[in-house]
Structure formats: C-alpha cells, structure tokens
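Input: a single structure, listed below in structure tokens.
Just so you know, residue 1 is the first one in the sequence shown, and it goes up from there.
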Amino acid sequence: MAQIIGGLTTSHIPAIANAVPREDALRNDIYWKPFFDGYDKARRWLHAQNPDVAVVIYNDHGLNFFLDKLPTFAIGAAFEYRNADEGWGIPTTPPFTGDPELSWHIINSVSAEDFDLTTCQEMLVDHGFTVPMSLFWKGNTYSDVRTIPVCINTVQHPLPSPARCYRLGQAIGRAVESYPRDLKVVILGTGGMSHQLDGERAGFINKKFDLECMEKIVSRPEELAGISMHDLVKQAGAQGVEFILWLTMRGALTGKVKQIDRHYHVAISNTATGLLVLENAE
Ligand code: DHB
Ligand code: FE
C-alpha cells in the first residue's frame with residue numbers, strides 16, 4: 001500500500017525562485033544566508049526518505065486560474081505539468097512528471113467523501129508549486145519524483161474555511177493510504193507565513209501569530225482549524241491566508257506526527273518565511 005512518509009511546508013515567495021539558481025553564491029549573502037541555512041536539514045531528511053510521489057498542496061496566483069473561473073479545490077490528473085512566465089521575472093522551471101493513476105484514485109476517494117474537485121487534465125503550475133519543488137530538489141533534480149498538484153483558492157472570497165481544508169487534507173490522507181501500490185508519498189504544503197501585499201496593511205507581518213501557528217500545526221491542528229477565515233485574514237494578512245494550505249497538508253498526516261525540523265525567518269520580500277518538516281509514523 002502507499003505510505004505517507006511525512007509532510008513539508010515552506011513559503012513560496014517568487015524572490016526565492018530568483019535566488020535558488022544562485023544559492024551557492026548567496027550562501028554568504030547577508031540577506032539570503034539565514035534563509036538558505038534553514039533548508040539543509042529538510043533536504044537531508046527528504047533525500048534520505050527518497051519519496052516516489054509528492055502531493056503538492058498549493059494555490060494558483062493567476063497563471064492557470066483567473067478571476068473569471070476560480071475553483072475552490074482543483075487537482076491535476078495529467079502526465080506532465082508545465083510552468084510558464086507569470087510576469088514575476090523568475091526563471092521558468094523544467095516540467096514536472098504526473099501520476100494520473102494515483103490522481104484518479106484520490107479524485108474518486110475524495111469525491112466519495114463529498115468534496116467537489118475540479119479535475120484538470122491540463123494544468124499549468126505557478127510559483128506556489130515550483131518554488132517548493134526547486135527548493136527541496138536543488139538544481140531542479142525532481143524528474144524522478146511524480147507529482148500531484150492540489151490547488152486551493154486563496155485569491156477570491158469566499159475562500160474555503162480552515163476547518164474544511166483540514167478535513168480535505170484528512171480525506172486526501174485516507175485516499176493515498178488506500179492506494180494499493182507500494183509507494184512512498186510526501187505531502188508538501190506551500191505558502192505563508194503572515195503577509196499582505198496590498199492595501200493599507202501592505203507589509204504586515206505577525207510573528208507572534210506565525211510562531212503560534214507553527215506550534216499548533218504540529219501539536220494541536222484541530223485548534224488551528226477552528227479559526228474563522230475572517231480572523232485568519234486579520235491575524236495573518238490578506239495573503240497570509242495561505243496557511244490553509246499548511247493545514248491541508250497537516251490533515252493528510254494521519255499517523256503519529258513527529259517534528260523533524262522547523263525554521264522561521266523574517267523577511268524575504270514582504271513575507272515571513274517558514275519551514276516545517278514533519279514525519280508521519282504509523
Ligand atoms: C510574495 C509572497 C507570496 O506568497 C506570493 O505568492 C507572491 C509574492 C512576496 O512576499 O513578494
Ligand atoms: Fe503566495
């Protein structure tokens with residue numbers, strides 16, 4: 001049977017996409033050193049685990065979906081996912097391999113639990129997806145890892161509640177673990193932490209809330225899932241609602257969760273960056 005080995009979360013700020021190809025040079029840069037230093041242990045853990053598949057829970061920021069048609073929950077069911085120019089001036093990444101058979105298994109299982117997913121047999125993936133992949137697989141060495149993109153609306157209100165996202169994650173976890181093939185699966189959740197890119201509160205960061213969320217994601221996810229979307233916007237900023245992607249990841253970890261690593265750094269671009277590595281023991 002497929003086994004969920006753990007979950008990783010990281011911020012996906014576009015500036016990171018520009019820094020990643022120059023990482024070795026930037027290791028001594030005063031701005032980037034504290035950021036990149038935080039990723040060594042996560043990479044070591046991931047490469048020792050050597051997963052076959054990454055389920056990537058992310059948000060599209062206008063590349064594949066726009067305001068005219070914006071599904072609450074969407075999932076890829078393609079053989080390949082491409083990135084394209086989003087207008088941030090960041091390098092376009094090589095394509096990602098899909099696993100349509102596992103995608104359809106998840107779609108069938110999650111639909112039977114009353115979640116409506118928009119199923120995408122063609123899907124462009126944006127920086128919400130590519131930045132974590134490029135960060136965790138240095139040099140874009142992800143060609144052997146099959147990917148399943150799960151895209152959640154964080155852009156146009158009404159957004160799905162944190163509680164619903166947590167339950168979707170649980171349904172995804174049950175789906176993956178009922179897949180009758182011996183696969184090692186890692187769940188990635190991307191985005192966050194607190195940030196607001198526009199309006200009167202542009203530049204808003206809430207360190208106290210971020211650190212509380214990181215703690216609760218590990219030990220008390222139900223408590224965090226109980227927060228309303230209104231409070232999440234207030235506490236994390238308009239774009240900090242990306243926390244729902246972390247919560248979805250956490251929902252999928254159905255076993256005994258152990259924290260392997262945690263890193264927090266303020267700021268990259270306009271955003272507090274965070275990293276969590278969680279092992280999912282049976
Ligand atoms: C920034 C952060 C994001 O999460 C994003 O999607 C775009 C930009 C930023 O801080 O620049
Ligand atoms: Fe974002």
So does [X] pair up with [Y], basic N to acidic O under 4.0 Å?
X      : Y      : result
Lys138 : Asp40  : no
Arg220 : Glu222 : no
Asp261 : Arg43  : no

- request: Before giving the answer on salt bridge (charged side-chain N to carboxylate O under 4.0 Å, His left out), spell out for Glu215 and Lys208 the whole-Å C-alpha distance, their side-chain angles and the decisive distance to 0.1 Å.
  value: CA-CA 11 Å; Glu215 182 49 47; Lys208 183 170 175 287; over 6 Å; no

field: For Thr248, side chain to side chain contact (heavy atoms under 4.5 Å, CB included) partners two or more places apart
entry: Ile57, Ile152, Cys165, Leu168

query: Linking Ile, Leu, Val, Met, Phe, Trp and Tyr through side-chain heavy atoms less than 4.5 Å apart, which residues share a cluster with Ile90?
result: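 Noted: Ile90 shares its cluster with Trp88.
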
Can you label the angle between the [X] ring and the [Y] ring as parallel, tilted or perpendicular, going by 30° and 60°?
X      : Y      : answer
Phe129 : Phe96  : perpendicular
Phe243 : Trp246 : perpendicular
Phe136 : Tyr39  : tilted

query: Looking only at atom types and distance, does a side-chain atom of Asn270 sit under 3.5 Å from a main-chain N or O of Leu197, one as donor and one as acceptor?
result: no

Just so I know, are the side chains of [X] and [Y] near enough to count as touching, which here means a heavy-atom distance under 4.5 Å?
X      : Y      : result
Thr147 : Met133 : yes
Glu242 : Tyr58  : no
Leu46  : Val186 : yes
Lys41  : Val277 : no
Leu8   : Leu276 : no

query: What's the verdict on side-chain contact (heavy atoms from CB on, under 4.5 Å) for Val56 and Val150, showing C-alpha distance, side-chain angles and the deciding distance?
result: CA-CA 6 Å; Val56 186; Val150 175; over 6 Å; no

- prompt: Around Phe79, counting heavy atoms of other residues, nucleotides and ligands shown, do more than 12 lie under 6.0 Å from its CZ?
  reply: no

- prompt: Is the number of heavy atoms from other residues, nucleotides or ligands under 6.0 Å of Arg181 CZ greater than 12?
  reply: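 At most 12 heavy atoms, drawn from other residues, nucleotides or ligands, come within 6.0 Å of this atom.
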
message: Go through it in stages, so that I can follow the logic: the residues are Lys33 and Asp37, the test is salt bridge (charged side-chain N to carboxylate O under 4.0 Å, His left out), and I'd like the CA-CA distance, side-chain angles, deciding distance and then a yes or no.
response: CA-CA 6 Å; Lys33 182 176 172 29; Asp37 282 354; 2.7 Å; yes

message: Could you measure the distance from the NE2 atom of His157 to the NE2 atom of His230? Nearest 0.5 Å is fine.
response: 10.5 Å

message: Working to the nearest 0.5 angstrom, can you tell me the gap between Ile75 CD1 and Ser103 OG?
response: 5.0 Å

